[in-house]
**Q** 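Just passing along the structure, written as structure tokens.
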Amino acid sequence: QVQLEESGGRWVQAGDSLRLSCAASERTFRRRAMGWFRQAPGKEREFVAVIWWSGGNTYYADSVKGRFTISRDSAKNTIDLQMDDLKLEDTAAYYCAAGATVILSQVRNPGAYNYWGQGTQVTVSS
């Protein structure tokens with residue numbers, strides 16, 4: 001069973017930058033795309049960004065476009081999420097996900113992803 005492990009979450013102030021990482025336990029598992037979701041208390045899990053493992057195309061939620069950047073490192077078997085100009089509303093648990101068959105029309109749907117990490121907390125304060 002593939003395991004995804006996130007790291008990098010912490011408390012920051014509004015306007016700060018933060019970089020999250022996600023490492024996969026296996027190198028050869030089937031994945032079409034990997035992405036990030038987040039979930040704030042009392043809210044549903046929401047899509048943040050996705051990157052296609054082959055090709056590197058990316059797609060972002062409107063709320064983070066221009067501030068967040070998703071990237072992958074095939075050699076390290078990791079994806080990162082660079083978060084700049086953090087806002088109070090970015091406070092959430094951030095989850096890494098991998099999908100074997102996810103397509104563009106499905107990227108916002110958590111059900112389209114096969115593997116999930118345990119999450120890392122990002123707290124933004126004023």
**Q** Do Leu88 and Ser126 make a side-chain contact, defined as non-hydrogen atoms from C-beta onward lying under 4.5 Å apart?
**A** yes
**Q** Passes side-chain contact (heavy atoms from CB on, under 4.5 Å), Tyr59 versus Leu104? Steps please.
**A** CA-CA 8 Å; Tyr59 184 74; Leu104 184 58; 4.1 Å; yes
**Q** A side-chain contact here means heavy atoms from C-beta on lying under 4.5 Å apart; do Thr101 and Arg30 qualify?
**A** yes
**Q** To the nearest 0.5 angstrom, please state how far the CD atom of Glu26 sits from the OG1 atom of Thr28.
**A** 6.0 Å
**Q** Walk me through whether Ser71 and Asp80 qualify under side chain to side chain donor-acceptor pair (under 3.5 Å).
**A** CA-CA 5 Å; Ser71 61; Asp80 288 350; 4.5 Å; no
**Q** Which pair of non-hydrogen atoms, one from Ala92 and one from Ala40, has the smallest distance, and what is that distance?
**A** CB-N, 3.9 Å
**Q** State, with a plain yes or no, whether a side-chain heavy atom of Cys96 is found less than 4.5 Å away from one of Met34.
**A** yes
**Q** Would you please test Val50 and Arg108 for side-chain contact (heavy atoms from CB on, under 4.5 Å) and show each step?
**A** CA-CA 9 Å; Val50 67; Arg108 297 176 179 273; over 6 Å; no
**Q** Do you know which of Thr58, Thr69, Leu81 makes side chain to side chain contact (heavy atoms under 4.5 Å, CB included) with Ile51?
**A** Thr58
**Q** Using a 4.5 Å cut-off between side-chain heavy atoms of Ile, Leu, Val, Met, Phe, Trp and Tyr, which other residues end up in the same hydrophobic cluster as Ile103?
**A** none
**Q** Is there a donor-acceptor contact under 3.5 Å from the side chain of Asn77 to the main chain of Ala24?
**A** yes
**Q** Applying the ring pair (Phe, Tyr, Trp, His ring centres under 6.0 Å) criterion to Phe47, which one of Phe68, Tyr94, Phe37 satisfies it?
**A** Phe37
**Q** Glu6 side chain to Gly119 main-chain N or O, any donor-acceptor pair under 3.5 Å?
**A** yes
**Q** Given 3.5 Å as the limit, does a donor-acceptor pair link the side chain of Ser17 with the main chain of Asp84, or not?
**A** no
**Q** Run Cys22 and Trp36 through side-chain contact (heavy atoms from CB on, under 4.5 Å) and show every step you take.
**A** CA-CA 9 Å; Cys22 172; Trp36 291 93; 3.7 Å; yes
**Q** Does the distance from a Lys or Arg side-chain N to an Asp or Glu carboxylate O, for Lys65 and Asp62, drop under 4.0 Å?
**A** yes
**Q** Without swapping roles, check the side chain of Arg67 against the backbone of Ser63 for a donor-acceptor pair under 3.5 Å.
**A** yes
**Q** Is there side-chain contact between Met83 and Leu20, with at least one heavy-atom pair below 4.5 Å?
**A** yes
**Q** Determine whether a donor-acceptor pair (N or O, by modelled atom type, separation under 3.5 Å) exists between the side chain of Arg31 and the backbone of Ala98.
**A** no
**Q** Is it true that atom CD of Glu44 has more than 12 heavy atoms of other residues, nucleotides or ligands lying nearer than 6.0 Å?
**A** no
**Q** Assess whether atom CD of Gln121 is packed by more than 12 heavy atoms of other residues, nucleotides or ligands within 6.0 Å.
**A** yes
**Q** Does NZ or CZ of Arg38 lie under 6.0 Å from the centre of the six-membered ring of Tyr95, at an angle within 45° of the ring axis?
**A** no
**Q** Show me the donor-acceptor pairs within less than 3.5 Å that the side chains of residues 109-116 make with the rest of the protein, sequence neighbours left out.
**A**
unit_1, atom_1, unit_2, atom_2, d
Asn109, OD1, Gly111, N, 2.9
Tyr113, OH, Val107, O, 2.9
Asn114, OD1, Ala100, N, 2.6

**Q** Distance-only, no hydrogens or angles: does the Thr123 side chain make a donor-acceptor pair with backbone N or O of Trp11 under 3.5 Å?
**A** no
**Q** Determine whether Arg32 and Trp52 make a side-chain contact, defined as any pair of heavy atoms from C-beta on separated by less than 4.5 Å.
**A** yes
**Q** Under a 3.5 Å distance rule, please check whether Asp90 uses its side chain to pair with a backbone N or O of Lys87 as donor and acceptor.
**A** yes
**Q** What is the minimum heavy-atom distance between Val102 and Ala33, and which atoms define it?
**A** CG1-CB, 3.6 Å
**Q** Are a donor atom and an acceptor atom from the side chains of Asp73 and Thr78 found within less than 3.5 Å of each other?
**A** no
**Q** In sequence, state the C-alpha distance, the side-chain angles, and the governing distance for Gln82 and Ile70, and then conclude on side-chain contact (heavy atoms from CB on, under 4.5 Å).
**A** CA-CA 6 Å; Gln82 176 66 39; Ile70 188 171; over 6 Å; no
**Q** Taking CD in Glu46 as the centre, count heavy atoms belonging to other residues, nucleotides or ligands within less than 6.0 Å. Is the count above 12?
**A** yes
